[in-house]
Number of protein chains: 2
Amino acid sequence: MSEAAKSCLIQKLSHYVTLDQTSLENLAELERDERIFKRQDEVYQGGERNANLYVVKRGWLYSYTDLMDGRRQIVEIHHPGDIVGFPDIAFHETTTVLRAAEDVCLCPFPKVALKKVFRDAQQLSALLFTLSIRNQVILIDFLRAMGRMSARERIAYLVLDMLARLRIANKSVTDTFNLPLNQTEISDILGLTNVYVSRSFTALEKEGLIERYNGTIRILQEARLAEMCDFFDRHSDLDTAWFPASNT
Amino acid sequence: MSEAAKSCLIQKLSHYVTLDQTSLENLAELERDERIFKRQDEVYQGGERNANLYVVKRGWLYSYTDLMDGRRQIVEIHHPGDIVGFPDIAFHETTTVLRAAEDVCLCPFPKVALKKVFRDAQQLSALLFTLSIRNQVILIDFLRAMGRMSARERIAYLVLDMLARLRIANKSVTDTFNLPLNQTEISDILGLTNVYVSRSFTALEKEGLIERYNGTIRILQEARLAEMCDFFDRHSDLDTAWFPASNT
DNA sequence: CGCGTAGTTGAGACCATTCAAAGAGAGTGG
DNA sequence: CCACTCTCTTTGAATGGTCTCAACTACGCG
């Protein structure tokens, strides 16, 4: 795997701050192992006593929870360069199920590896903390979308959010991206039904706001979409000024 | 203010881990100043360049955002002993508005004070990190409620969550608590309308699940409420085993 | 070709909303 | 003590956005 010369985790983190030597060494340890999962595989179930976190090397995944009667809610989508599992380190058991949306490659590492990070790598600690908080803000934005937006507005929000995330990782992304989720999965993200996702997508398309060819989304009128769902990009900008001085 | 002999922040944190000397000293610095705000006062607006965080000493507050057309979503409720403003330290500008639900007392401290915490107090850093992540899980639970639950189920979820939070801070809380929010505010938490909150509350009361006397909620059938909204208490239990060793 | 999965479309039902009005307290001033 | 206002809650009736159920279409694959 020589394309890992520069891992996408390091690449993503470097977008926000120049990593010092200690941080780089600690990060390298998190990406030592590798495991492959196939589309629809479940990496872990909810309620497991599993104590691993995962760096995403390749492919999309998502975390979801079920209600007892089968209703499902997808609560986060994971892209290459993300660290998966933070929400679970605060608890003894995993709170969600992690599933591969397509074929993926993950680097598992034990929860206790963070102990070393927090002891030795202050810069990296602060960065991980900040990113975890950024995630929280993104969740809050989603909460707002779920609580107060119509189906069409939510879909607008989702595609803009995805586009913003992909642009961080890959500067060449402009207005088109591949969406490896079916409409049932999208409905479970947005708190809708697959039927209504279909109707809403069709409506957006008829208005000339987006275009679709099997699995690919093209944003035609980004500004109008952003306006209809009051979108704000949380991905590009991060305040790192309060970080402790890096130890070289 | 001599009841601050043991602050409710320290009390709350001590619930999860025995704080070492360094942690205690750092915490004391965060609670040096005090400011009073009156019911409905806005501590800060969204989009401000404000770089303060706040420890809640007394009273409830909440953070909310508005959509452009006036729709509102309350995204977090803050109780005594909480630190308010974490979601904003990742960004240059505040992302939400902070409003006092009743008369409150806050301890403001600057964002950069965290720099010292992360440099000197590893135990406290890890704890703050963990609590921030716990918050994220709580948000995820709420997201699930918003996406997949009916109005009555959401209200059940809200009151059970509040009860669980209050029990951490005050062991004497059993089945009754004061709710200093009106139905419009509750509807803005749950993504409903004030009218439907009223109807749903009345329905729950008629079924004998809860009772209300002006502003006070009493849980009559906690088990049945928990079952109808698949409630899980995230407040009582936290995994601190991975924390770095405390420096005495 | 047949099969399975995913997306589309239609009709009817339902949960929650909107708009409107009435009732219940709490506080104020005369 | 009463009239008045203000805020909050409750209730009714009509509307509407989204869901449910079901059938149909499109596509990829063995």
Side-chain angles (χ1 to χ4, degrees), chain A residues 38-40 67 69-74 99-103 145-159 178-207 210-217 228-229, chain B residues 38-40 67 69-74 99-103 145-159 178-207 210-217 228-229:
Chain A
K38 292 228 303 275
R39 187 175 122 77
Q40 303 293 27
L67 305 214
D69 61 3
R71 287 175 282 184
R72 171 165 302 181
Q73 179 67 46
I74 293 177
R99 171 176 287 187
E102 53 186 341
D103 294 354
M146 303 277 287
R148 289 304 184 202
M149 290 185 196
S150 71
R152 284 198 0 221
E153 291 165 335
R154 289 186 218 181
I155 289 184
Y157 201 91
L158 183 67
V159 296
N178 190 263
L179 180 57
L181 301 170
N182 65 36
Q183 293 185 349
T184 301
E185 290 168 320
I186 294 172
S187 74
D188 287 334
I189 298 170
L190 297 175
L192 300 166
T193 57
N194 56 350
V195 174
Y196 214 65
V197 167
S198 172
R199 292 194 219 273
S200 307
F201 257 126
T202 308
L204 289 177
E205 206 164 19
K206 277 199 179 125
E207 288 180 64
I210 61 168
E211 252 175 31
R212 295 176 293 167
Y213 332 76
N214 54 343
T216 300
I217 305 282
M228 78 184 259
C229 65
Chain B
K38 292 228 301 273
R39 187 176 119 78
Q40 303 292 28
L67 305 214
D69 60 3
R71 286 175 283 183
R72 172 164 301 180
Q73 179 67 46
I74 293 177
R99 171 177 285 186
E102 54 187 342
D103 295 353
M146 304 277 287
R148 291 302 182 202
M149 290 185 196
S150 71
R152 284 198 359 222
E153 291 165 336
R154 289 185 219 182
I155 288 184
Y157 201 91
L158 183 66
V159 297
N178 190 263
L179 179 56
L181 301 170
N182 65 36
Q183 293 185 350
T184 301
E185 289 167 321
I186 293 171
S187 73
D188 286 334
I189 299 170
L190 297 176
L192 301 165
T193 57
N194 57 348
V195 174
Y196 214 65
V197 167
S198 173
R199 291 193 219 274
S200 307
F201 257 127
T202 308
L204 290 177
E205 207 164 17
K206 279 199 179 127
E207 288 179 63
I210 62 168
E211 251 176 31
R212 295 175 294 165
Y213 332 75
N214 54 343
T216 299
I217 304 283
M228 77 185 259
C229 65

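Worth saying up front: this structure is predicted, and the values here are computed from it rather than measured. Naming convention: chains lettered A, B, ... in sequence-line order (proteins, then strands); numbering from 1 in each chain.
- When the P atom of dA26(D) is taken as reference, atom CZ of Phe201(A) falls 21 Å away, rounded to whole Å.
- Residue Arg71(A) is out of contact with every strand shown, counting any heavy-atom pair closer than 4.0 Å.
- Of all nucleotides listed (dG7(C), dC8(D), dC19(D)), dC19(D) comes nearest to the side chain of Thr193(A).
- Comparing Asn194(A) and Asn214(A) against DNA chain D, the residue whose closest nucleotide sits nearer the 5' end is Asn194(A).
- Along DNA chain C, the nucleotide nearest to Leu192(B) and the one nearest to Val195(A) differ in position, and the one closer to the 5' end is contacted by Val195(A).
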Report the C-alpha distance between Arg148(B) and Asp188(A) in whole Å, list the side-chain angles of each, state the deciding distance to 0.1 Å, and finish with yes or no for salt bridge (charged side-chain N to carboxylate O under 4.0 Å, His left out). CA-CA 9 Å; Arg148(B) 291 302 182 202; Asp188(A) 287 334; 2.8 Å; yes

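- Here dG10(C) is the nucleotide among dT18(D), dT11(D), dG10(C) with the atom lying nearest to any side-chain atom of Arg199(A).
- Rounding to whole angstrom units, CG of residue Leu190(A) and P of dT18(D) are separated by 12 Å.
- If you measure from atom CZ of Arg39(A) to atom P of dT5(C), you get 10 Å, rounded to the nearest angstrom.
- Of the candidates Val195(B), Leu181(B), Val197(B), Ser187(B) forms a side chain to side chain contact (heavy atoms under 4.5 Å, CB included) with just one, namely Val197(B).
- Of the listed nucleotides (dT18(C), dA16(C), dT18(D)), dA16(C) has the atom at the smallest distance from the side chain of Tyr196(B).
- The residue Gly215(B) sits apart from the nucleic acid: no heavy atom pair falls under 4.0 Å.
- Side-chain N/O atoms of Ser150(B) and Glu153(B) include a donor and acceptor closer than 3.5 Å.
- Atom OH of Tyr213(A) and atom P of dG7(C) are 18 Å apart (whole Å).
- In this entry the distance linking CD of Gln40(B) with C1' of dC6(D) reads 14 Å, nearest Å.
- Within 6.0 Å of CZ in Arg39(A) there are 12 or fewer heavy atoms belonging to other residues, nucleotides or ligands.
- In this entry the distance linking CD of Gln183(B) with P of dA16(C) reads 16 Å, nearest Å.
- Protein atom CG of Asp188(A) is 17 Å distant from nucleotide atom P of dT18(D), rounded to whole Å.
- Nucleic acid contact for Arg212(B): sugar-phosphate only, since backbone atoms but no base atoms lie under 4.0 Å from a heavy atom of the residue.
- Checking dG7(C), dT18(D), dA16(C) against every side-chain atom of Ser198(A), the shortest atom distance belongs to dG7(C).
- What separates CG of Leu179(A) from C1' of dG7(C) is a distance of 14 Å, to the nearest Å.
- The pair Glu102(B)-Lys38(B) fails the salt-bridge criterion, with no side-chain N (NZ, NE, NH1 or NH2) lying under 4.0 Å from an Asp/Glu carboxylate O.
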